[in-house]
Amino acid sequence: MRAYISYFKLRFISGLQYRTAAWAGIATQFFFGFVYIMVYSAFYESGSGSIPMDLASLSTYLWLNQALFALVNQTYKDRELFDLIKTGNISYELLRPKDMYFMWFFKILGQRLANVTLRFLPLVLVTVFLPKPYNLGGPSSLSALGLFLVSLFIGTLLITAISVFYPIVMLTTLNEKGIVNIIVVLADILSGVVVPVPFFPRFLKIISSYLPFQYVSDLPFRLYVGNIGISSGIKMIIIQVVWLLILIVIGYLLIKKNLKRVEVQGG
């Protein structure tokens, strides 16, 4: 376990060096946050039907999404792992006396946490002082805050397990496009990053509930604003844990299977 923690630390420390990219990311998150809120504000002012979330809660949801985007982003693909497979340098990974699945898992986890560490605080410090109801508000209750933190921690592990699938698929296809891009697009839509899940049509909500993507970010954010009750939130966190275990087991078995027939060409 100590070796895997070392992989995590190395990637985390390395990721903290890219401060220019972090500032660019902060500016991007501010821009999209304001755009989303303006769009939804116009929707709220013109709409006459039932609204699944009030504007203040939605603004908080959207700012949490932007502040933690680098952590919960479904479209993130680790280019370093893809390059290892493309160039054949994966052979060096095979020589290490460690399990490759967990090596990749902790590397991706370290990179994600490094990315969000540089961006989270500046964005939060600004958005909490915006005028209501467009600001980042506080949690609906202490219980909601506690469940939010638990769910966010599990969601971080869950999105890492999903991200490990992309290089595993590439071990078979030798291409990060195609099926990987299809999964990324579906994950991005069904996770609530583009449109929050409460605004989905009924059939799409049902589909989303049977897939792991909404449990990465939509669940913790809705727990924070009180859109999901405490008892329902606990049940959904249990589902979140089940999905995490399922994805880790499937990913672990797939990488073991693929490594038995991997071919490295060149010399």
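In this text, all values refer to a predicted model and were calculated from it rather than measured experimentally. Only heavy atoms go into these numbers, but all of them, side chains included; no hydrogens, no water, no symmetry mates.
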Sorted by chain and residue number, the side chain to side chain donor-acceptor pair (under 3.5 Å) partners of Tyr76 (sequence neighbours excluded) come out as Asp78
- Message: Hydrophobic cluster membership, with links at side-chain heavy-atom distances under 4.5 Å among I/L/V/M/F/W/Y: are Ile206 and Phe200 in one?
- Response: no
If only atom types and distance count, is the side chain of Asn227 paired as donor or acceptor with the main-chain N or O of Pro52 below 3.5 Å?
-> yes
>> I'd like to know if Ile26 and Leu125 are part of one continuous hydrophobic network [Ile/Leu/Val/Met/Phe/Trp/Tyr, side-chain heavy atoms within less than 4.5 Å].
In response: no
Separation between OG (Ser217) and OH (Tyr61), nearest 0.5 Å, reads 5.5 Å
Joint cluster assignment, Leu62 & Val193, ILVMFWY side-chain distance < 4.5 Å: no
Ile237/Leu223 under side chain to side chain contact (heavy atoms under 4.5 Å, CB included): CA gap, chis, key distance, verdict: CA-CA 10 Å; Ile237 287 175; Leu223 284 170; 4.2 Å; yes
Do the side chains of Phe221 and Pro196 get nearer than 4.5 Å, heavy atoms only?
no
Sorted by chain and number, sequence neighbours left out, ring-ring contact (aromatic ring centres under 6.0 Å, His included) with Phe31 holds for none
Under 3.5 Å, side chain of Ser232 to main-chain N/O of Ile228, donor-acceptor pair present?
-> no
Any side-chain to backbone donor/acceptor pair from Tyr101 onto Leu253? Under 3.5 Å, distance only.
no
Heavy atoms of Gln29 and Leu123 approach each other most closely as CB-CD1, 3.4 Å
Scanning both residues in full, the closest heavy-atom pair of Trp104 with Pro167 reads CZ3-CB, 3.7 Å
Worksheet item: Is the shortest heavy-atom distance from the side chain of Phe148 to the side chain of Pro139 under 4.5 Å?
Response: no
Residues at least two apart in sequence or cross-chain that pass side-chain contact (heavy atoms from CB on, under 4.5 Å) with Val126, listed by chain then number, are Phe30
- Task: Using a 4.5 Å cut-off on heavy atoms from C-beta on, say whether the side chain of Ser191 contacts that of Val216.
- Result: no
Next on the checklist: Under a 3.5 Å distance rule, please check whether Lys205 uses its side chain to pair with a backbone N or O of Val197 as donor and acceptor.
Outcome noted: no
Between the CD1 atom in Ile239 and the CD1 atom in Ile234, the distance rounded to the nearest 0.5 Å is 12.5 Å
* Asked: Do Phe203 and Val195 sit in the same hydrophobic cluster, where Ile, Leu, Val, Met, Phe, Trp and Tyr count as joined when their side-chain heavy atoms come under 4.5 Å apart?
  -> yes
Taken in chain and number order and not counting sequence neighbours, the residues that satisfy ring-ring contact (aromatic ring centres under 6.0 Å, His included) with Tyr40 are Phe199
Contacts of Asn73 meeting side chain to side chain donor-acceptor pair (under 3.5 Å) (sequence neighbours excluded), chain-then-number -> Thr75
Thr127 (side chain) donor-acceptor with Leu136 (main chain) under 3.5 angstrom
no
*asked:* Set out, in order, the CA-CA distance, both residues' side-chain angles and the distance that settles side chain to side chain contact (heavy atoms under 4.5 Å, CB included) for Leu152 and Tyr224, then state yes or no.
replied: CA-CA 10 Å; Leu152 182 63; Tyr224 183 91; over 6 Å; no
Value for CD (Gln74) from CD1 (Ile189), rounded to nearest 0.5 Å, stands at 11.0 Å
Heavy-atom nearest pair, Ala161 first then Leu244, reads CB-CD1, 4.3 Å
State yes or no: do Leu64 and Phe129 share one hydrophobic cluster built from I, L, V, M, F, W and Y residues joined by side-chain heavy-atom distances below 4.5 Å, directly or via other members? yes
Next item on the list: Answer with yes or no after comparing the ring centroid distance for Phe69 and Trp63 against a 6.0 Å cut-off, counting only values under it.
Entry: no
So salt bridge (charged side-chain N to carboxylate O under 4.0 Å, His left out) across residues 222-248, not counting sequence neighbours, yields Asp218-Arg222
For Phe213, the ring-ring contact (aromatic ring centres under 6.0 Å, His included) test, sequence neighbours excluded, returns none
Minimal heavy-atom distance between Ile159 and Leu71, with the atoms involved, is CG2-O, 3.5 Å
dist Lys107:NZ -> Glu80:CD (nearest 0.5 Å) comes out at 6.0 Å
Residue pairs meeting side-chain hydrogen bond (donor to acceptor under 3.5 Å, both in side chains), one or both in residues 146-163, sequence neighbours left out, come to Arg112-Ser163, Ser151-Gln240
So, does Ser208 use its side chain to make a donor-acceptor pair with the main chain of Leu204 at under 3.5 Å? no
Sequence neighbours excluded, the answer for side chain to side chain donor-acceptor pair (under 3.5 Å) partners of Asp54 is Ser57
Smallest heavy-atom separation, Leu68 atom then Phe120 atom, equals CD2-CD1, 3.6 Å
**Message:** Quick check: do Ile162 and Trp243 have side-chain heavy atoms less than 4.5 Å from each other?
**Reply:** no
Here the salt bridge (charged side-chain N to carboxylate O under 4.0 Å, His left out) pairs for residues 131-151, sequence neighbours left out, are none
For Ser140, the side-chain contact (heavy atoms from CB on, under 4.5 Å) test, sequence neighbours excluded, returns Ala144
Separation between CG (Leu149) and CD1 (Ile154), nearest 0.5 Å, reads 11.0 Å
Within the 4.5 Å heavy-atom criterion, are Phe165 and Ile183 side-chain neighbours or not? no
Residue set satisfying ring-ring contact (aromatic ring centres under 6.0 Å, His included) with Tyr252, at least two apart, ordered chain then number -> Phe102
Heavy-atom closest pair (Ala67 atom, Val116 atom, distance to 0.1 Å) is O-CG2, 3.7 Å
